[in-house]
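What follows is a set of notes on a single structure, which appears directly below.
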Amino acid sequence: MEIQQYNFIFLYQETAALTKRLFIQLKRRPSTFFAGILQPIIWLFLFGALFANAPKDFLPGVDSYGNFLGAGLIVFTAFSGALNSGLPLMFDREFGFLNRLLVAPLASRLSIVLSSFFYITILSFVQSLAIMFISFLLGYGFPNIYGLGVVFATLILLVLFVTSISLCLAFVLPGHIELIALIFVVNLPLLFASTALAPISFMPSWLGWLASFNPLTFAIEPIRIAYSSNFNLDLIALNAPYGDLTCRNCISLLFLLTILSLVIIRPLLNKKLT
Amino acid sequence: MNQIKIQNLSKDYFDVKALKKININITEGSLFGILGPNGAGKTTLLRTLATLISPDEGTIKINNIDVIKEPRKIRELIGYVAQEIALDKILTGRELLDFQADLYHIDQSNKLERIELLINQLDMQNWIDRKCGTYSGGMKRRIDLAAGLLHLPKVLILDEPTVGLDIESRNIIWGLLNDLKKDGMTIILSSHYLDEIDKLADTVVIINDGKIIDQGNPTQLKNKFGGDRIILKVREFSDSLESEKVKKILEKIDGISQIVINASQGYSLNFIADRDKDLITKLKVELAFSKFKIFSLSQSQPSLDDVYLQATGKTLQDAELYMTGKRDLKKESKQSMR
């Protein structure tokens, strides 16, 4: 059989096949997809109701708690999805399906990582759009086109950052039980130690410091700003204890963290995938 | 022409020496059998050939391409069907083959043609569009084999492909392997089924404890004994002392050779006897003279199991049972995970 000679076409073909497989799995078992939309919406209702009577000066730059919460929930949805992205790979490892990929003459084994990234990014976009649309129906506004671009750019960076860590864990940890345990331990504490549910000014000093170094905060604040009518990248997004950060600063920090994580995990992925 | 050359191949898993200086040459277009009990090193050898693990020592060349230095080129040449069938339960059989074809970069028109051909060859028409999670063991094995053959590999590596299968599935697979061999494909087949290797293989290597015990054409290996295999028991459950005494008697009789005491079968005595019609009578007389009665005596053509027994003092079946108790499957599973 004649095998085509172009690596780029091969990379596209194998990445598309791996991504398609993940979407077929999603189509036939869509419960986690719908749960990923439903959970933040329930939170939006419940937390929105819980803090409906909070004093107005408690929330900087917004006029209702629902407005404040939306950005946090969008980021949390993308973060949770990306954190779980290592699970399918872990199951492939455990059930031997990964060997099927490893004995194939893949143009690059990067396609295994790329497919997970594409899948989670598309999933997060769809889930985020659903949350944004429902927030809009609840009267919490909608970003303009420019703001929408910032929302998605921020989500891409966050997804890439967290997905790379999750895939790395899928190779390092002994099994899916350990991975799920770690996800349980990390997921909610990271949410509560960010500005998703409350601003830094409301937090005790130590938690404020913690939140101002939390990558989730660097994703939440630009998205929160993206919802404002006078949005621009140089608006102050975060009053951190170490100084003010603009929207641009937050996205740049997130970008740096993403690059750093990719650089750190690359040797490990190379070792495990060659 | 030797298509595959394995030289001084060694592999350790911590304290376990899985392969010890293995040397094998495999001729192009032949069916090469690897026989040995579980835990003998067959899977390690095949996984090394399939580029899944790196050896600690030694070289492997397929079509003069170094497996360790150029694994991607090798992956284009080989089809690998692992012992554990790893299918995606959510995909249908057809979707799995389509997925596999994309991993091997087969173009669209060839892909559909190849998938249809294999569906027909392996008689999968009635269930190919069902999800893999609903398949029986035989169906799973056939779809796995089809996946390994999709890109028409030059070398097909099969790790115990018929283990636990029903007769129908086994016959279909045997038939296909014979057809592939006729078409010139080199097939490497590991098994612990003697009849499978005996029936299919042109050349066989017998492995035990990571070492090669013997290799050659199955008929030649069996003919090396030059007589019939006899299994003798002087009592249903004898003991070491008694069987040693009988062994000494047997050693004195001309025409009897290669005497092995098989402790796991009630200290039976296994030996090769020349095809001399008076020999058994002579044996009975000698035993009676030493006041031993014959409890049972069976005579058969030597099999590959005798080659194994001769080298290890155990039959393959006994070695299986022994290894089953000795192996830490959980540990091995973790070692095999990437």
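In the text below, chain A, chain B and the rest are named by the order of the sequence lines, each starting its count at 1.
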task = Give a yes/no verdict on a cation-pi contact between A:R100 and B:F99, requiring under 6.0 Å between NZ or CZ and the six-membered ring centre and an angle within 45° of the axis.
result = no
request  = Give a yes or no on whether a salt bridge exists between A:D92 and A:R21, defined as a side-chain N under 4.0 angstrom from a carboxylate O.
outcome  = yes
request  = Considering non-hydrogen atoms only, spot the tightest contact between A:F161 and A:S261 and give its length.
outcome  = CD1-OG, 3.5 Å
Chain A contact via [X] - which portion, at a heavy-atom distance below 4.5 Å:
| X | result |
| --- | --- |
| B:A50 | both |
| B:K73 | neither |
| B:D98 | side chain |
| B:L87 | both |

Side-chain heavy atoms of B:S190 within contact of B:T43, under 4.5 Å = no
key: A:F136 CZ: over 12 foreign heavy atoms closer than 6.0 Å   = no
task = Give, as side chain, backbone, both or neither, the part of A:F97 having an atom under 4.5 angstrom from any heavy atom of chain B.
result = both
key: Interface moiety of A:K27 toward chain B, non-hydrogen atoms closer than 4.5 Å   = neither
